[in-house]
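Below is one structure, written out as structure tokens; comments come after it.
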Amino acid sequence: MLRERGAAETPHPGGTLLAHLQRVHDLLESWGARPALRLAGLCHAYYGTDGFRTALGDVRRRHELAEAVGAEAEELVYFYASCDRAHSYPRLAEGGEGRSATGSRACCPRRRPPCCATSPS
């Protein structure tokens, strides 16, 4: 799906978007992340982000990504795409709340599926 949407041809710092997405997936795998989190990492830029505006898919058609990777992974991708990273990252690191890229709502991963949880041992 990522290739079909042009990720292998989309420039990204350090190579192509597809290469970046694969590196993120592989890193999460090396950390022992659960499958849904690895898939979310593989697709984390699918809707674009506030730091990388190029989108592979349309947020109005979320069901398409959910069908490909599962509902949990898609929810994480959507959550990541909606965050204002410059505002949120420092606050989340301190246990606070982030905010959406539009600034219209607070976002906090503790209120969402546990983004950083690994597979049970």
Side-chain angles (χ1 to χ4, degrees):
M1 177 180 221
L2 298 173
R3 282 187 193 282
E4 292 171 7
R5 301 289 178 124
E9 293 81 36
T10 302
H12 188 275
T16 67
L17 179 57
L18 184 60
H20 167 70
L21 296 172
Q22 187 64 56
R23 285 191 304 270
V24 170
H25 173 275
D26 294 348
L27 181 61
L28 290 167
E29 184 174 52
S30 76
W31 289 347
R34 66 186 190 282
L37 185 54
R38 293 192 311 256
L39 287 170
L42 182 64
C43 299
H44 73 273
Y46 189 79
Y47 301 125
T49 70
D50 73 335
F52 188 76
R53 301 274 183 208
T54 302
L56 301 175
D58 189 333
V59 72
R60 294 170 297 185
R61 300 174 61 90
R62 290 178 58 190
H63 67 278
E64 293 175 351
L65 183 59
E67 289 169 6
V69 299
E72 182 185 5
E74 189 282 331
E75 279 283 322
L76 292 167
V77 171
Y78 179 75
F79 176 74
Y80 183 74
S82 69
C83 279
D84 173 346
R85 296 188 310 181
H87 174 88
S88 300
Y89 283 10
R91 286 161 184 83
L92 291 170
E94 296 170 356
E97 287 190 337
R99 76 170 174 220
S100 68
T102 63
S104 63
R105 60 184 165 76
C107 62
C108 179
R110 287 183 304 252
R111 295 189 189 139
R112 310 291 281 170
C115 298
C116 298
T118 59
S119 301
S121 299

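Scope of the values below: all heavy atoms of this structure, side chains included, with no hydrogens, waters or symmetry mates.
- Ala36 approaches Leu76 most closely through the heavy-atom pair O-CD1, 4.4 Å.
- A distance of 10.5 Å separates OH in Tyr47 from CG in Leu56, rounded to the nearest 0.5 Å.
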Before giving the answer on side chain to side chain contact (heavy atoms under 4.5 Å, CB included), spell out for Cys43 and Leu21 the whole-Å C-alpha distance, their side-chain angles and the decisive distance to 0.1 Å.
CA-CA 7 Å; Cys43 299; Leu21 296 172; over 6 Å; no
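- Defined by atom type and a distance below 3.5 Å, a donor-acceptor pair is present between the side-chain atoms of His44 and His20.
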List the steps, then state whether salt bridge (Lys or Arg N to Asp or Glu O under 4.0 Å) holds for Arg34 with Glu29.
CA-CA 8 Å; Arg34 66 186 190 282; Glu29 184 174 52; over 6 Å; no
Side chain to side chain contact (heavy atoms under 4.5 Å, CB included) between Leu42 and Val24, worked out
CA-CA 6 Å; Leu42 182 64; Val24 170; over 6 Å; no
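- In summary, Arg61 and Glu67 do not engage in a salt bridge, as defined by a charged side-chain N under 4.0 Å from a carboxylate O.
- Within the cation-pi definition used here (under 6.0 Å to the ring centroid, within 45° of the axis), Arg62 qualifies as a partner of Tyr78.
- We find that Glu9 and Arg3 are not joined by a salt bridge, their nearest charged nitrogen and carboxylate oxygen being 4.0 Å or further apart.
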Step-by-step side chain to side chain contact (heavy atoms under 4.5 Å, CB included) determination, Met1 to Tyr46:
CA-CA 10 Å; Met1 177 180 221; Tyr46 189 79; 3.3 Å; yes
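- For the 3.5 Å distance criterion, the side chains of Glu75 and Tyr80 fail to qualify, holding no donor opposite an acceptor.
- For the atom pair CG of Asp58 and CD of Glu64, the computed distance is 8.0 Å after rounding to the nearest 0.5 Å.
- Looking at every heavy atom in both residues, Leu17 comes nearest to Ala45 through CD1-CB, 4.1 Å.
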